[in-house]
Amino acid sequence: MKYKNFPMVPRVIFGRGSFNQMNEIIAPKRLLNQAPFIFIIDDFFIGSQKIISNINLYGSDEIIYVSAQEEPKTTQIDELVKYIKTSVSEQPAGIIGIGGGTVIDISKAVAIMLTNNGKTCDYQGWDLVNNPAIYHVGIPTISGTGAEVSRTTVLTGPERKLGINSDFTPFDQVILDPELTSSVPKNQWFFTGMDCFIHSIESLNGTYLNAFSQSYGEKALDLCKQVFNEDYLTEQESQDKLMMASWHGGMSIAYSQVGIAHALSYGLSYVLGTKHGIGNCIVFDHLEDYYPEGVTLFKEMKEKHGIILPKGVCSSLKDVEFDTMIRVAMSLEPLWENAIGKQWKSLITPQLLRGLYEKM
Ligand code: NAD
Ligand code: ZN
């Protein structure tokens, strides 16, 4: 047995309003290096008082707004890196990513690709990155993905949706300010929050489970239950707790793995462009045979919050599209092995997955 020796985010600040300390947190990095900071920000925040007005720009610092309407693509990272290299004369002092999982992942990938040659898609996989990324800071504005703490950045490439999993991917600094999540619309709050719930269920019910993952997974699950299935929290407490649930969920899967909902959701996303949070929910709703207690609880929470999931999302797919979806899902071998065990290939067949996708 070879145990993983994985890196964690070395510095984190937590608290309502802690975003206001960002300028002072990054200042020392600026003093060592006169190069600019590049702020990659979700375009939802264009003109935001809370965020944009609180960023002190110096010299050739630049804000790049990106849309989170679609999930990040490897070609998008290539273009951003090319743009930064041509618009800034020297290597930036750092990348500051402000947004949901989409922008967080884009920021990590850009920080890596500024110091590694070639195309972003060459690094999709496990431990393919050669050089350390530049200093990168993550500031999540929506809670659930755990991307702020994870060792991966999930990207859709020409062949597959797969992360850049590496020791250089995690942020050097994370700022957890739950106040930044106060503007998240209800449906999005539920979908992204359920990503965390599903991380905890898949981790806790996987064959890779160990005491490390379990301790974080149980805490994430407990916090999700408080936030989504109880009524006693104030709005602020709920925001605070969901931000910490996301962190714990991410820590839990860091030392185990996700499972069936994620494998199938990656297939949906690759063929239909379905976003991660809602895709996980669409899939998880049909996984009662695999995660009976989790799915029962999920249905209760869905009902409680009046969430209506789309139906028949695969109804007009052609055979070739189903085949691609199934290929992408089945290629995520560690996820299936975690969910089912080493013998998963004898139990999980393309026909079985086709049946599941047809139900969605
Ligand atoms: P997102 O970043 O896709 O954003 C969803 C929507 O919410 C967007 O419209 C965005 O503009 C909006 N939004 C974000 N913050 C807001 C705020 N404070 N107020 C109002 N609107 C706001 O959402 P997400 O679910 O956090 O991220 C999904 C992405 O995360 C996917 O690309 C997925 O692959 C990735 N992901 C990564 C990891 C990882 O470990 N790296 C893990 C899970 C998911
Ligand atoms: Zn997820």
Side-chain angles (χ1 to χ4, degrees), residues 6 9 19 40-46 48 50-51 65-74 76-77 97-109 111-112 124 136 138-157 160-166 169-171 174 177-203 220 224 239 242-243 245-247 249-254 257-266 268-270 273-281 283-284 332 335:
F6 77 92
V9 173
F19 177 71
I40 299 183
I41 305 181
D42 189 318
D43 65 5
F44 171 81
F45 294 107
I46 291 176
S48 144
K50 207 182 264 175
I51 292 191
Y65 290 106
V66 296
S67 163
Q69 293 312 307
E70 289 182 7
E71 298 204 338
K73 298 189 178 58
T74 55
Q76 182 185 7
I77 306 302
I98 307 175
T102 299
V103 172
I104 291 287
D105 275 359
I106 290 173
S107 308
K108 291 191 208 175
I112 290 170
Q124 283 181 286
H136 50 305
I139 308 179
T141 62
I142 179 168
S143 299
T145 66
E148 66 280 11
V149 71
S150 78
R151 186 183 175 272
T152 189
T153 158
V154 185
L155 304 169
T156 301
R160 58 211 164 153
K161 181 176 173 186
L162 182 64
I164 301 179
N165 298 265
S166 87
T169 309
F171 286 110
V174 167
D177 181 349
E179 256 178 22
L180 302 182
T181 66
S182 58
S183 49
V184 174
K186 181 163 183 198
N187 272 10
Q188 190 63 56
W189 163 80
F190 186 82
F191 298 145
T192 302
M194 284 301 110
D195 191 20
C196 173
F197 172 73
I198 296 169
H199 290 160
S200 72
I201 297 292
E202 292 187 323
S203 175
C224 284
Q239 290 163 3
L242 191 54
M243 195 159 255
S246 176
W247 184 272
M251 285 299 296
S252 181
I253 50 177
Q257 198 28 287
V258 285
I260 301 175
H262 276 74
L264 295 177
S265 172
Y266 274 35
L268 271 191
S269 161
Y270 190 82
T274 315
K275 296 201 70 186
H276 188 72
I278 190 170
N280 283 354
C281 289
V283 171
F284 198 68
L332 296 158
L335 283 64

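Start at 1 and go down the list; that is how both ligands and their atoms are numbered. Here, residue 1 is the first one in the sequence, and each next residue gets the next number. For clarity, every value in this text was computed on a predicted model and none was experimentally measured.
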Trainee: Taking non-hydrogen atoms only, is Thr141 closer than 4.0 angstrom to ligand 1 via side chain, backbone, both or neither?
Mentor: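 The answer is both, backbone and side chain.
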
Trainee: Atoms of ligand 1 less than 4.0 Å from Asp195 heavy atoms?
Mentor: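 So the answer, numbered in order with elements, is 43 (C), 44 (C).
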
Trainee: With heavy-atom distances below 4.0 Å as the criterion, list the atoms of ligand 1 near Ser150.
Mentor: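 This gives 39 (C), 40 (O), 41 (N) as the contact atoms.
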
Trainee: Does Gln69 have a heavy atom less than 4.0 Å from any atom of ligand 1?
Mentor: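 Flag set, Gln69 near ligand 1.
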
Trainee: Who gets closest to atom 44 (C) of ligand 1 by heavy atom: Lys73, His276, Glu70?
Mentor: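 Ranked by closest heavy atom to atom 44 (C) of ligand 1, first place is His276.
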
Trainee: Are Phe191 and ligand 1 in contact, using a heavy-atom cut-off of under 4.0 Å?
Mentor: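 Judged by the 4.0 Å heavy-atom criterion, Phe191 does not count as contacting ligand 1.
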
Trainee: Work out whether the distance between some heavy atom of Pro72 and some atom of ligand 1 is less than 4.0 Å.
Mentor: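 Yes.
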
Trainee: Quick one: which ligand 1 atoms are inside 4.0 Å of a heavy atom on Thr192?
Mentor: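 Near Thr192, the atoms of ligand 1 are 24 (P), 25 (O), 26 (O).
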
Trainee: By number and element, which atoms of ligand 1 are closer than 4.0 Å to a non-hydrogen atom of Val184?
Mentor: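 With Val184 as reference, the close atoms of ligand 1 come out as 16 (C), 17 (C), 18 (N), 19 (N), 20 (C).
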
Trainee: Which part of Leu180 is near ligand 1, with near meaning a heavy atom under 4.0 Å away: side chain, backbone, both or neither?
Mentor: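 The part of Leu180 near ligand 1 is the backbone, not the side chain.
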
Trainee: In Asp195, the N, O or S atom nearest to the Zn ion (ligand 2) is which?
Mentor: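 For Asp195, the N, O or S atom at the smallest distance from the Zn ion (ligand 2) is OD1.
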
Trainee: Can you confirm, on distance only, whether ligand 1 has an N/O atom lying under 3.5 Å from any N/O atom belonging to Pro185?
Mentor: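 The answer is no, given that Pro185 and ligand 1 share no N or O pair closer than 3.5 Å.
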
Trainee: Counting each atom of ligand 1 from 1 as listed, which ones have a heavy atom of Ala147 under 4.0 Å away?
Mentor: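 Those qualifying, in numeric order: 37 (C), 38 (C), 39 (C), 40 (O), 41 (N).
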
